[in-house]
K.L.:
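Input: one structure, supplied below.
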Amino acid sequence: MNDIIKIFKNYTLLCCIAVVVLSSCGPESITDPIGSTIAPAPVTVTSVKNISGASIIYYDRPNDQNLKYVKAVWTTDDGIEYNQTASFYTDSILVDGYGAEGEYKVELYSVSAGEAISKPVTVTVNPTRPPYLVAYDKMSILPNFLGIRVLSENETGAKLTFRTFKLDSVGDYIEVGTDYTLASDIEYYNRGHEADISQTFRVQVRDRWGHWSPAKEATVEPWFEKELPKNIFREVALCNLDGDGSYVPDQTGYHLPSNFWGHKQHSWSGSATAVTRIFDNEKTNSSSNCYHTKPLAPFPAHLTLDLGAQYNLSRFLLWPRTDPANQFRGGHPQILRLYGATYNGTDPENLIDDIYDKEAWLDLGIFYLTRADGSMEPYPGTGDRTAEDNLILENGHEMILNATDQKIRYIRMQTIKCFSNNTVAGAVMIQEISFFGSDK
C-alpha cells in the first residue's frame, strides 16, 4: 500500500510541474512561430541551368533564422501563372510548364514560418525546346501490320500523350487512338485499319500542361496480317536426350541448356501434355490438355516450333492453363523471351542450338505477362481474380513482337519465370499460343 501511495504522490507532482511550465510559456509563445511577423532576407541567385521546357535556379540561402522556405512565381508563354516552393534545406528550385523555348522572368521570395514574404528577386531563365516538341521533331510514322508504328524520343522521361487521327472518306480527320507514355524510347502501334490501301494519318503530341504540338502527317499502306495456320506447326526437339526426363544433366559449358528442359513434359497415366497441345486450337479446362513441363526441370524452360512456312511476325497471344489453380498462380508464365531463327530451310537439324548467337537467332522481345493492373504478384487464392483479369484469360495475353523485316520460320520460346515463386522445381503450363503475321 505504501508503494502505491508513493507512486500516486510522484505522479501528482509531475502533473503540477507540467501545468506550471505550460502556463509560464503563454499562449503566444507556444502557437506562434519565431519571427512570424518579420520577413526574412532574400536569397542570392548563383546560377541558372536551362533544360528542356524548364529551368533550375540555384541560390544561396540567407543566414536568417526567420527563413522557412523559398517560393518561385512565374508566368508561362500561354499566360498561366505557376508557383513552386523549396524547403529551407534546399539550394535550388525547378520552374517548368513552358510550352516554348524563350526568355522568361521568375520572381523568388524568401518566406517565414508565419508567411511573411521578402522583397522579390527577379531571375531571367531561358528554357530550351520542351519535351513534347522534341518528341514531335523526332517522330516518324511508319506502316505496320493493319496500321501504323510511331517512333520518337523522350530523353527527359516527360509524361506525354500521343493522339492519332485518320483521314476519312469525306475529308475529315477522326481520332482513332491515344497513347500515354513516360518512356525515353517511344514506340507504339495503332491498328485496326485496312491493309494494302493507301491511308493518311496524323499524330499530335501533348504534355501534361495541355500544350499540343502541330500534327505530323504521313500517308502509308498498312501491312496485311493474319493468324498463322496451326495445322502446319511442328515441334522441333533440339538436343533431345533419350529417357524419361528424370535425369538432370550437367549444364557446365552450356551457353543455354538447349531444348532439353522444355521437351521433357510432365506425364502420368492418361495424360497428354506434349508441346503439340499449345497449337491444337483447344482451350479446355483440363490439366492433361495443356503443355506442362516436368516440375523437377530448372528454369529457364525452352521449346522450339517450326511454323511450317516463312512469315513476317507481328504479335502473339498466349493462354495459360485454364484451371483456377494456375491462373495468375502456379505454372502461369510470367516472363518470356522469344527468338526467331535466321535459318528458314526445311531441315531443322541445320538450326544452330545457341540463341546467344546473334547471327543465328533474332531477339523478338522479352515479355511480361502481368495482371490487368500491371502487377506481377500471384493471386493468393483461386477466386481473387478481377473482371479485367478474367478478360485477359478469355482473350489471351497479347504481346507485340519486335519489328523485323526478316521472315521467320523457327521460333524458340524461353520461359524465364512463372507466377509460382518456386523457380527451381516449378513447371510451365501453357494452354494455347496463336501467332500473327504475313507471308506476303
Side-chain angles (χ1 to χ4, degrees), residues 230 233-241 243-249 251 254 256-268 271-280 282-306 316-339 353 355 364-371 376-379 382 389 392-393 396-399 401 410-435:
K230 299 181 184 179
F233 287 9
R234 297 288 184 272
E235 176 194 4
V236 178
L238 300 178
C239 193
N240 179 19
L241 305 182
D244 63 2
S246 61
Y247 167 66
V248 179
Q251 298 181 48
Y254 276 89
L256 199 69
S258 189
N259 213 54
F260 177 82
W261 307 116
H263 183 62
K264 299 299 182 181
Q265 282 82 49
H266 196 17
S267 62
W268 58 88
S271 70
T273 61
V275 172
T276 55
R277 289 297 183 183
I278 68 174
F279 52 85
D280 62 1
E282 293 186 16
K283 295 188 281 291
T284 58
N285 187 13
S286 171
S287 59
S288 63
N289 283 339
C290 74
Y291 168 61
H292 190 322
T293 62
K294 278 185 171 295
L296 61 84
F299 282 67
H302 306 88
L303 64 87
T304 305
L305 293 180
D306 177 0
F316 71 95
L317 294 172
L318 183 146
W319 290 265
R321 178 174 166 179
T322 55
D323 62 296
N326 287 282
Q327 294 175 340
F328 298 106
R329 305 174 78 235
H332 186 147
Q334 187 181 77
I335 305 176
L336 300 176
R337 192 154 208 157
L338 258 68
Y339 297 86
D353 194 19
I355 57 175
L364 300 181
I366 186 167
F367 307 99
Y368 299 89
L369 282 61
T370 67
R371 287 158 42 181
M376 298 183 72
E377 290 296 319
Y379 273 118
T382 59
D389 286 332
I392 290 177
L393 296 171
H397 290 277
E398 182 180 44
M399 300 291 153
L401 296 166
Y410 298 96
I411 289 287
R412 167 70 63 86
M413 187 173 79
Q414 179 189 65
T415 303
I416 299 171
K417 187 178 183 299
C418 290
F419 271 87
S420 169
N421 290 323
N422 190 339
T423 59
V424 176
V428 182
M429 304 177 195
I430 300 174
Q431 196 73 46
E432 192 76 14
I433 292 180
S434 293
F435 286 96

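Fair warning: this is a prediction, and the values are worked out from it, not measured in the lab. Both backbone and side-chain heavy atoms feed into the values below; hydrogens, waters and symmetry mates do not.
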K.L.:
With a 4.5 Å cut-off on side-chain heavy atoms, are Q431 and L393 touching?
P.N.:
no
K.L.:
Quick check: do I416 and R337 have side-chain heavy atoms less than 4.5 Å from each other?
P.N.:
yes
K.L.:
Does the side chain of I433 come within less than 4.5 Å of Y291's, by heavy atoms?
P.N.:
no
K.L.:
Measuring from atom CG of L364 to atom CZ of F316, what distance do you get when rounded to the nearest 0.5 angstrom?
P.N.:
9.5 Å
K.L.:
Is any side-chain heavy atom of M399 closer than 4.5 Å to a side-chain heavy atom of L318?
P.N.:
no
K.L.:
May I ask you to decide if the ring planes of H397 and F328 are parallel, tilted or perpendicular, using 30° and 60° as cut-offs?
P.N.:
perpendicular
K.L.:
How close do P333 and C418 get, heavy atom to heavy atom, and via which atoms?
P.N.:
CA-SG, 3.9 Å
K.L.:
As an exercise, state the distance from CD1 of I430 to NE2 of H292, rounded to the nearest 0.5 Å.
P.N.:
11.5 Å
K.L.:
Just so I know, are the side chains of P378 and S420 near enough to count as touching, which here means a heavy-atom distance under 4.5 Å?
P.N.:
no
K.L.:
Walk me through it: do M413 and L305 pass the test side-chain contact (heavy atoms from CB on, under 4.5 Å)?
P.N.:
CA-CA 8 Å; M413 187 173 79; L305 293 180; over 6 Å; no
K.L.:
Would you check if the side chain of K230 reaches a backbone N or O of I278 as a donor-acceptor pair within less than 3.5 Å?
P.N.:
no
K.L.:
Please check: side-chain N/O of R371 versus main-chain N/O of E377, any donor-acceptor pairing under 3.5 Å?
P.N.:
yes
K.L.:
Working to the nearest 0.5 Å, report the span between CG of L338 and CD1 of I355.
P.N.:
10.0 Å
K.L.:
I want to check something: taking the side chain as every heavy atom from C-beta on, are I335 and M376 in contact at a cut-off of under 4.5 Å?
P.N.:
yes
K.L.:
When rounded to the nearest 0.5 angstrom, what is the spacing between CZ in R412 and OH in Y339?
P.N.:
9.5 Å
K.L.:
Kindly write out the residues that satisfy side-chain hydrogen bond (donor to acceptor under 3.5 Å, both in side chains) with D306, not counting sequence neighbours, or none if the list is empty.
P.N.:
R409
K.L.:
Could you tell me the separation between the CZ atom of F419 and the CD atom of Q327, rounded to the nearest 0.5 Å?
P.N.:
11.5 Å
K.L.:
How many angstroms lie between atom CD of E432 and atom CD of E282, to the nearest 0.5 angstrom?
P.N.:
8.0 Å
